[in-house]
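Bear in mind that the values here come from a model prediction, so they are computed numbers and not experimental data.
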Amino acid sequence: MPDYDVLVIGGGPGGYVAAIRAAQLGLSVACVDENPALGGTCLRVGCIPSKVLLESSERYEETLLGLGEHGIRVEGVRLDLAAMQKRRQKIVTILTKGIDGLFRKNGVTRLQGRARLAGAGAALVTGADGAETRVEAGSIILATGSRTADLPGVVVDGQRVLTSTETLELDAVPGHLVVIGAGFIGLELGSVWRRLGAKVTVLEYLDRILPGIDAEIAADAQKLLAKQGLVFRLGCRVTGARAEGDGAVVDIADGEPIACDRVLLSVGRRPNTDDIGLETVGLSADARGRIEVDAHLRTTVPGIYAIGDIIAGPMLAHKAEEEGVAVAETIATGVGHVDYDVMPAVCYTEPEVAAVGRTEEQLKEAGVPYRAGSFPFIANGRARSLGHTDGKVKILAHAETDRVLGIHIIGPHAGDLIAEAAVSMAFGASSEDIARTCHAHPTLAEVVKEAALAVDGRAIHI
Ligand code: NAI
């Protein structure tokens, strides 16, 4: 008899959710993670701590620059970075402990150590003291996540040339931070340190920022972020970076080296699949480190499944969570499903950028006939009262059926507004469905309704 029905390797958003769902379905489950704190990159050094610092830094900047127009005079505002960082740590601790609580509530066994597959149906777990335990399970779910991808020539030392992890934990505001890569991580963390007083230069290889996001929305984001003071150098290929003297130097393909105080490397992430014993079951990862799975998240080895950042698709916590639920349901019931066509993405800059479904470029490339409708936040009463009027909602709907194919938002609370877009698309809504649904007034969500009306050329407030 195996020790457990299911062993989950990795306690991040994919793994811990899979463990809880499998336990809910009556299976005996263990989840192994080498880190004492559950929650993976997302909770410990990713989504959550970055959102905490984004919130704190936004409040700091608003207090300095934004309260005057509300008729609120403040004096003597100063940054207490140590207190800000303490709050970040506290929130992370509360949330990671929360997962321990959820495991207890659901009867999931928590194992601590580094796990490697050890042939079909088994894993070896090495504890911090070096002791090895063999664990056998009917099904094994690999959910080992990802780490910062290397860039040839860039020597990360954790002191001056940093990954996102150290950039979250800085105890002083750098004079000049150079960010390599204008993706989600670069723009979010670049925004944090710019707001707190750093000069921030973002070097991006492509001729645009935010690859994958609708080009019109990404161009709007670039304009707004540049207005705030982020310096963008597009079409700029970084060939190296290293600590030098008191700071660091970044080499670029066509131009002079750039001297700065700190460097953030954010050119993507690499799946953690090198040292998890794949060879012991005859599995291997592809050139990008990913494991191949079928539509049911099954690897080619019976009883072994893979989810989250180690398989194809966007490296997003909520994508991993959906897969965690689906894989547990597949194991317990034979049926589990993820709707990859309705997978929202949010970049938590100010304003936020959020998207679900297909971009205009993708529709053009696929030759899909569409109609587009946009509506700006500046024409919305709630946005005016918030003082956050930059941005727009853009809806793309099929030209013949009117089915919504993509919704793209840049603006206040875009990350929350995108939920309506995702639910609409999950139910196969037409733009007419959204346009004819009563939206409360005055709310930011009215901009979504007006954009849907605009698809048919009948927005009211513009
Ligand atoms: P990314 O893939 O989003 O962006 C990396 C950028 O680096 C790209 O624009 C790429 O063109 C550029 N680049 C690559 N090589 C370069 C070079 N030699 N010189 C200059 N630029 C170069 O990767 P990022 O930002 O590191 O994020 C990693 C993952 O984490 C992504 O999948 C992202 O979606 C996810 N993430 C999600 C967040 C969210 O949901 N809010 C927040 C942070 C990360």
Side-chain angles (χ1 to χ4, degrees), residues 8-22 31 33 38-48 50-51 95 99 141-149 164 183-185 188 210-214 266 268-273 285-286 288-299 305-331 335-348 352-359 362 405-409 414-426:
V8 185
I9 301 182
Y16 84 71
V17 168
I20 290 172
R21 184 68 189 122
C31 179
D33 195 298
L38 287 166
T41 298
C42 169
L43 257 77
R44 289 185 289 108
V45 290
C47 322
I48 297 300
S50 61
K51 261 78 273 173
L95 291 176
I99 300 174
I141 301 170
L142 302 172
T144 47
S146 61
R147 61 184 184 277
T148 300
S164 52
F184 282 37
I185 293 183
E188 289 185 0
L210 291 173
I213 293 290
D214 186 272
S266 48
R269 296 182 59 83
R270 169 123 192 139
N272 290 325
T273 50
D286 68 13
R288 293 165 67 181
R290 300 181 307 192
I291 297 174
E292 195 188 325
V293 291
D294 67 9
H296 301 285
L297 303 158
R298 293 182 294 216
T299 69
Y305 302 77
I307 60 170
D309 287 5
I310 61 173
I311 64 169
M315 290 179 162
L316 298 171
H318 46 271
K319 178 253 195 190
E321 289 186 46
E322 291 303 309
E323 289 172 344
V325 169
V327 76
E329 292 180 353
T330 297
I331 292 168
V335 192
H337 179 252
V338 177
D339 186 353
Y340 291 101
D341 291 334
V342 184
M343 193 61 73
V346 183
C347 185
Y348 295 84
E352 292 177 355
V353 176
V356 60
R358 295 209 266 168
T359 65
Q362 287 169 338
L405 302 173
I407 302 190
H408 306 276
I409 308 178
D416 296 307
L417 295 175
I418 206 69
E420 172 186 356
V423 172
S424 303
M425 286 184 65

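Residues C347 and L210 form a side-chain contact, since some pair of their non-hydrogen atoms from C-beta on lies under 4.5 Å apart. For the pair Y16 and L38, the minimum side-chain heavy-atom distance is 4.5 Å or more. Proximity of M425 to D341: side-chain heavy atoms (C-beta onward) are nowhere separated by under 4.5 Å.
Here the straight-line distance linking atom CD1 of I99 with atom CG of L43 works out to 4.5 Å at 0.5 Å rounding. Between the NE2 atom of H296 and the CD1 atom of I331 there is a distance of 12.5 Å, given to the nearest 0.5 Å. The distance from atom OH of Y305 to atom CD1 of I291, rounded to the nearest 0.5 Å, is 14.5 Å.
The minimum heavy-atom distance linking G39 with P13 is given by the pair O-CD, 3.6 Å. The nearest pair of heavy atoms linking T273 to A285 is OG1-CB, 3.7 Å. Nearest heavy atom pair, residue A143 against residue I310, reads N-CD1, 4.3 Å. Shown here for C31 and G11, the closest heavy-atom pair between the two residues is SG-CA, 3.9 Å. Here the closest heavy-atom approach between residue L316 and residue P344 is recorded as CD1-O, 3.8 Å.
Side chain of H408 to main chain of R358: a donor-acceptor pair is present (N/O by atom type, distance under 3.5 Å, no hydrogens or angles). Checked by atom type and distance alone, the side chain of T41 never pairs as donor or acceptor with a backbone atom of G46 at under 3.5 Å.
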field: Residues I185, T148; criterion side-chain contact (heavy atoms from CB on, under 4.5 Å); working and verdict
entry: CA-CA 10 Å; I185 293 183; T148 300; over 6 Å; no
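Remark: R290 pairs with P271, D286, R288, A312 by the side chain to side chain contact (heavy atoms under 4.5 Å, CB included) rule, at least two apart or across chains. For L405, the side chain to side chain contact (heavy atoms under 4.5 Å, CB included) test picks out L363, V368, H398, with sequence neighbours left out. Under the rule for a side chain to side chain contact (heavy atoms under 4.5 Å, CB included), the partners of S146 that lie at least two apart in sequence or sit in another chain are R269, D309, M315. Listed by chain and number, the residues in a salt bridge (charged side-chain N to carboxylate O under 4.0 Å, His left out) with E188 are K51 (sequence neighbours excluded). Shown here are the side-chain hydrogen bond (donor to acceptor under 3.5 Å, both in side chains) partners of R44, two or more places apart in sequence or in another chain: there are none. Scanning for side-chain hydrogen bond (donor to acceptor under 3.5 Å, both in side chains) contacts around E329 gives R21, with sequence neighbours left out. For E323, the side chain to side chain contact (heavy atoms under 4.5 Å, CB included) partners two or more places apart in sequence, or in a different chain, are L297, I307, I311, K319, V338, Y340. Here D33 pairs with nothing under the side-chain hydrogen bond (donor to acceptor under 3.5 Å, both in side chains) rule; sequence neighbours left out.
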Under 3.5 Å, sequence neighbours excluded: what are the donor-acceptor pairs made by side chains of residues 415-422?
residue, atom, partner, partner atom, Å
E420, OE1, H439, NE2, 3.3
E420, OE2, H439, NE2, 2.5

